[in-house]
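Each ligand, and each atom within it, is numbered from 1 in the order the structure gives. Computed from a prediction, not measured in an experiment: that's the story for all the values here.
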Amino acid sequence: MKFVKMHGLGNDFVFLEDKNGADKDFSQLAVKMCAPHTGIGADGIIVIVPSDKADVRMRIINADGSEAEMCGNGIRCFAKYVYDNGIIDKKEFAVETLAGIMKPKVTVGDDGKVSLVTINMGKPFTDRAQIPMEGPSGPVIDEPIEIDGKTYNITSLLMGVPHTMTYVKDVDAVDLHELGPKFETYKAFPRKTNMNFVQVIDDHTIKVHTWERGAGATLACGTGSCACAVGSFLNGFTGRSVDVQLYLGTLHIEYNEQDGNVYMTGPAAVTFTGEWLEA
Ligand SMILES: N[C@@H](CCC[C@H](N)C(=O)O)C(=O)O
């Protein structure tokens, strides 16, 4: 089984093509492939399958075997993969995901390969039931919750996948491994949540460290960056145009006033190709 290893700012994925992969269970394969010592090592696997609703379909399975509705860094890599490999021959196209149709637009460099990708990520959903989070309807903005006797003010929304954020003075001081799982499995989130710790740098810059549902601490999270840009705007900390600083670089996020959609721009890279020999 041929694979391609790719990453978006260090959020890494094993890419597979499977024409018959629409309904397959990739859970076990994802766990094996993502294992760092006995597998390839990755935050998830992404399977490219045909679509009857869009130009092509993306499936993302986390390192723990759970399937996610969407992946922001993954879809930038996906756009590069399908364009560079001639699966798609136009610079703007539509990708079916479990979170709906996403629309990538690729920028092609002098070498004919994709150098930058902008994704129309659609609209964020802010009602509690949409996240989903238990409790009365309405948005979850700067709401206090208690974990281990400590109060954290959270903002939560659905950006393809559930995201929660809390604002801190210094993200580098946060123990992601200690706190991340406690928020991920907090009782009010029936489908768990991705957890973002956010530091506001200025009114157009934030710094984010994410603990991902199903993958743990990652070097970057695309949907998380979009969610935190929207959340920072809703909290009045930033405008609609935000640079999100991550461990290995920056994503630019635009929460468009006209159409209400979120646009994410950033890089995607191929690391290596290989052949998976295990059955
Ligand atoms: N890394 C992704 C998000 C992948 C899905 C997430 N782990 C979940 O289960 O919600 C991104 O870049 O958005």
S.K.: For ring pair (Phe, Tyr, Trp, His ring centres under 6.0 Å), just list the numbers for Tyr152 and Phe183, CA-CA rounded to whole Å, side-chain angles, deciding distance to a tenth of an Å, and then say yes or no.
M.R.: CA-CA 10 Å; Tyr152 297 88; Phe183 282 95; 5.0 Å; yes
S.K.: Working to the nearest 0.5 Å, report the span between CD1 of Ile119 and CD1 of Ile75.
M.R.: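 So the gap between those two atoms works out to 5.0 Å.
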S.K.: Is any NZ, NE, NH1 or NH2 atom of the basic residue among Glu69 and Arg59 found under 4.0 Å from an Asp or Glu carboxylate oxygen of the other?
M.R.: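 No, Glu69 and Arg59 are not salt-bridged.
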S.K.: As a quick check of understanding, evaluate salt bridge (charged side-chain N to carboxylate O under 4.0 Å, His left out) for Lys90 and Asp55, giving each step before the final call.
M.R.: CA-CA 10 Å; Lys90 45 192 178 185; Asp55 294 305; 3.1 Å; yes
S.K.: Return all side-chain donor-acceptor pairs below 3.5 angstrom for residues 134-145, not counting sequence neighbours, or 'none' if the list is empty.
M.R.:
from   : atom 1 : to     : atom 2 : distance (Å)
Asp142 : OD1    : Asn153 : ND2    : 3.0
Glu143 : OE1    : Arg128 : NH2    : 2.9
Glu143 : OE2    : Arg128 : NH1    : 3.1

S.K.: Distance under 4.0 Å, heavy atoms only, partner ligand 1: which residues pass?
M.R.: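 Those residues closer than 4.0 Å to ligand 1 by some heavy atom are Asn11, Asn62, Ala68, Met70, Cys71, Gly72, Asn73, Val161, Asn194, Glu212, Arg213, Cys221, Gly222, Thr223.
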S.K.: Only one of Lys192, Glu184, Arg213 forms a side-chain contact (heavy atoms from CB on, under 4.5 Å) with Pro162, so which one is it?
M.R.: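 Answer to the side-chain contact (heavy atoms from CB on, under 4.5 Å) test with Pro162 among Lys192, Glu184, Arg213: Arg213.
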